[in-house]
Amino acid sequence: MLLTTKFLRPTADPRSVQRDRLSALLQPDGAKRLNLVVAPAGFGKTTLVSQWCSQSPSTVAWLSLDEHDDEPRRFWQYVVGAFEHNGLAGLEQCRQQLSHCSLQELEGPITGLINVLAADGAPWSLVLDDYHFIRDPQLQRQVSYFMDYLPPGVLVTLASRTEPALPLSRWRVRRWVEDIHPGLLAFSEEECQRFFHDTMGLELSEQEIRRICSKTEGWVAAMQLSALSGGSIDDQKPGTGHQRIDLDERRISDYVLTEVLEQQPAPVRDFLLDTACCPRLCASLCDAVRGTTNSQVLLEQLLRENLFLIPLDTHNEWFRYHDLFRDALLQRVRQFKPEDTEKQWQRAVHWLLVHGHVQEGISQIVQHQDWPWLAKVLAEHGNNLIHGGFHLPVLSWLDSLPANTLQDSPQLLMLRVWALFFANRVDVLEPLLGELEDMLDQQVADSHPDAEGALGLQSEISLIRSYLARSKSDDKSASDLTQQVLRDIDHTRIPLKSVTYYGVGLDYYGKGDLAAAEDALTSAVRYGELERKPSTVLSSGGLLAWIQYNRGDIDEALDTCTRVRQWVDQHHSDPRQPMLISCWQNSALIEIYRERNEPQLAASYLAPLLDHVNNGTEPGQHVVIQYVRGHLAFSEGRYQEAMEALEDAASVARRRRDHILFEPPACSAMLARCYLATGHLELAKKWVQQVSTDRFTNPLNREQNQISIARVQVALGRPGDAMATLAPLRLSAEQDQHYRHLVEIQLVYSEALFAEGKTKEAEQMLAQAVQRASEAGFMRLLAEESPTIRQLCRALPVLKAPGRWNSRVTAMLSELAEAETAETEPEDSQRDTQAAPGNTDLPEPLSQRELEVLDLINQGLANKDIANTMGVAPTTVKAHIRNLYGKLAVGSRTEALAKARELRLLA
């Protein structure tokens, strides 16, 4: 049950000041997606947003948050409820998914909400009031995902006491954010007059109001500070009948430094000056800087007295000073306590480094240009930063060092090599590796004090060279170098086991030895967790899940992805930083959810990968992403999109082969299936002639190509050739535990048997395939086969037995059959014309069923409700909608209804 009162927009006090200039900033504008209204309590955030909503032409979905909403499922249930409460239709499936999906699968219903908003096409405003209650990192990442993929016309407004832990810097660069901060909330002279007269009931002269506005710059906090410093409000100005506020004549900045600071008790004054060097504050940090133990008490006192202390969380743990206030404090401490300033700053940076705030500490060091300290910190922390996904910042910091500092340090040069490697700038590595090897050889020859460290760096160089050998398809050199690193690794001080075992896993995967690859990748995950290398854990776990999926164990693959993601989120949990994404893991999840017939969830994991494709990514990742994108589109019948993605993948795989560390999936084999599905037999036949001479080192790819060749042979009326092609594959796939391919082989083999009239043998082979698919959890694999196989599957007795998998597969195959019937349904043109005269104006008139669907859309029914009304499956409704969109030449419900009214197809 949802509290509907949380969806009610507060009614503004009629006495409150109308903030027209701020309301104008909140209006939709170009690419803007987010209004961010951040200020301490009492700054009028809710009042401002409520006033704006009352004037906005968009439909507003309002949600007032509280401390109980900091839980992902509950939060999104209320967001969906807010939209439904205000009239957005089509969210039934989304609401149902929220009630039963796991927390790790919430991207599915979130994607569903985005899709419904996109299909609706109308302008919407979502207001989330009191957003400071939301602090769960997983929920913040989900909100980031929601914002990243909002359709045009949807505007989100967040009102919060603290700046939310969202990727605001990235969004600001893209001009998605309108910031309303306390400075903008300051009153203008006119607003100040209305505030004192209408809201506060004070009678002030225009001259007095002008003076107050000028001295305070419309800054309410400055007025609060005037009260703290002894400023008085006289009851009445003599002889005028006007009240007055007595303020000092000095500038506000001078006022902060002298009046406010000097009137604080000595412990508070000293605390402010001692901690001004800290960009952020917490009790432990302040204690370290001051050498005391009472900082928490003083922070709470500053918070109670509103001394420009802004909370950064809802736990009263982290704070910052207002920037102008901190600048004033720094100016004073440098003027009167210069001998302490440097010492306090060093203590603050040291605390940041020791307590895991390494990036913030390094930023402080770079600002102070303390290059020796920067070199020392990068040597200690740089490797973990790179493997945590921060290779580009590390490169930038290394570039800021003096040239001689970098050239004299083998460890920093090795760090640069790793950073360039993770940035995919492998073409510049060879000369750097040669230079580094010469330097290390010299250190060993000269008995350098760090000769042992030099030997450790030699292992890192060997590891880098093994990856470069893989990119050149020099598998033997890659394997030899990796094995050498494994032999030497226990004698070095550098944590390399995770990266090394990942390389071993890649080697075994390339050879098709899935069992050995699994063992190596399991070790890579385990050592990556011990070494705190999130990116290696993600990549190793992702490839491990990919192998488990192809082996035929979907549940184990999903469990691997979930466990690895939870570990990474726990150890890389700052939602302000970009979320670590693994191409292997997301691709495995796309395949898993596509195979489980959950395309919406699959699409939610594809979306962030497409950003990498569009922005440029490593060629191997590009191929894998486009492959799973094409496979998902193929499963959903979007064959043109599938072919475009697969053609791009095949082209990149062919042109950039020397830059790919592994043999990518056989994209052209999936492309051949698209040719068959669209009836392009000549293209499929041509593909067979071209692919027959290809060489594959990965047996998975070889099998995939051979299976597609057999499919083409069946389609060309050569079932005997198809069986000859598949016969040797059946034994090798079972022996190598390639169970997913084994199911495909049996399905195509059964179709070849059926084509030769061997019905009984075909049914036996088909039953074996279905049984194995059931054990592995495969579903879409059956739906992607030819109509002949799907029809034979529906008739199998095994599918008529009770069971959740059986019922889901049967329903899926039945929906596909109904959809195919709907697409080929004969049209009753005479009845169409009688029912709707404007129908004849279309190049291809709508059928009676399509007109019926159009009328139900006009009534506001969602697809599922239309299906229930018409007594058909949702897939059939989708087919009708796709057909009528094509005939009306539109792309959304809104456009379809507008075009239908124009043609007088609707009353």
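Any value given below was found using the heavy atoms of this structure, including those in side chains, with hydrogens, waters and symmetry copies removed.
When side chains are defined from C-beta on, L298 counts as touching R290, because their heavy atoms get closer than 4.5 Å. Residues W124 and S58 fail the side-chain proximity criterion, which asks for heavy atoms closer than 4.5 Å. Under the 4.5 Å side-chain criterion, counting only non-hydrogen atoms from C-beta, L26 is not in contact with L155.
When ring centroids are compared, W351 and H357 come within the 6.0 Å threshold.
Side-chain contact annotation: S64 with D129, donor-acceptor N/O pair under 3.5 Å absent. D274 and Q344 are linked by a side-chain donor-acceptor pair at a separation below 3.5 angstrom, with hydrogens and angles left out of the test. No side-chain donor from either of Q364 and E360 sits under 3.5 Å from a side-chain acceptor of the other.
One N or O on the side chain of K32 and one on the backbone of Q27 form a donor-acceptor pair closer than 3.5 Å. Formation of a donor-acceptor pair under 3.5 Å by the R334 side chain with backbone atoms of T341 is not found in this model. One N or O on the side chain of S54 and one on the backbone of Q51 form a donor-acceptor pair closer than 3.5 Å. A distance-only check finds a donor-acceptor pair linking the side chain of D70 to the backbone of D136 [under 3.5 Å]. Judged purely by atom type and a 3.5 angstrom limit, D179 has no side-chain atom pairing as donor or acceptor with the backbone of H181. At least one donor-acceptor pair under 3.5 Å links the side chain of Q140 to the backbone N or O of I134. Side chain of S50 to main chain of P10: a donor-acceptor pair is present (N/O by atom type, distance under 3.5 Å, no hydrogens or angles). N384 places no side-chain N or O within donor-acceptor distance of the main-chain N or O of H381, the cut-off being under 3.5 Å. Between the T275 side chain and the F271 main chain, a donor and an acceptor come within less than 3.5 Å of each other. Panel note: side chain K6, backbone L63; no donor-acceptor pair is recorded below 3.5 Å.
Closest of all the heavy-atom pairs between L353 and G361 is CD2-CA, 4.3 Å. The minimum heavy-atom distance between L103 and Q138, with the atom names listed, is O-NE2, 3.2 Å. Between N35 and L25 the shortest heavy-atom distance is OD1-O, 3.9 Å. Closest approach of F133 and L65 over heavy atoms only: CD1-O, 3.7 Å.
The pair R135-E317 fails the salt-bridge criterion, with no side-chain N (NZ, NE, NH1 or NH2) lying under 4.0 Å from an Asp/Glu carboxylate O. Ion pairing between a basic and an acidic side chain is recognised when a charged N comes within 4.0 Å of a carboxylate O; D399 and R416 show such pairing. Salt bridge status for K376 with D370: absent, with no side-chain N to carboxylate O gap under 4.0 Å.
Rounding to the nearest 0.5 Å gives a distance of 11.0 Å between OG of S400 and CG of L395.
For H368, the NE2 atom sits in a packed shell: over 12 heavy atoms of surrounding residues, nucleotides or ligands are nearer than 6.0 Å. Within a 6.0 Å radius of CZ in R175, no more than 12 heavy atoms belonging to other residues, nucleotides or ligands are found.
Between E163 and the options R280, R172, R320, a salt bridge (charged side-chain N to carboxylate O under 4.0 Å, His left out) holds for only R172.
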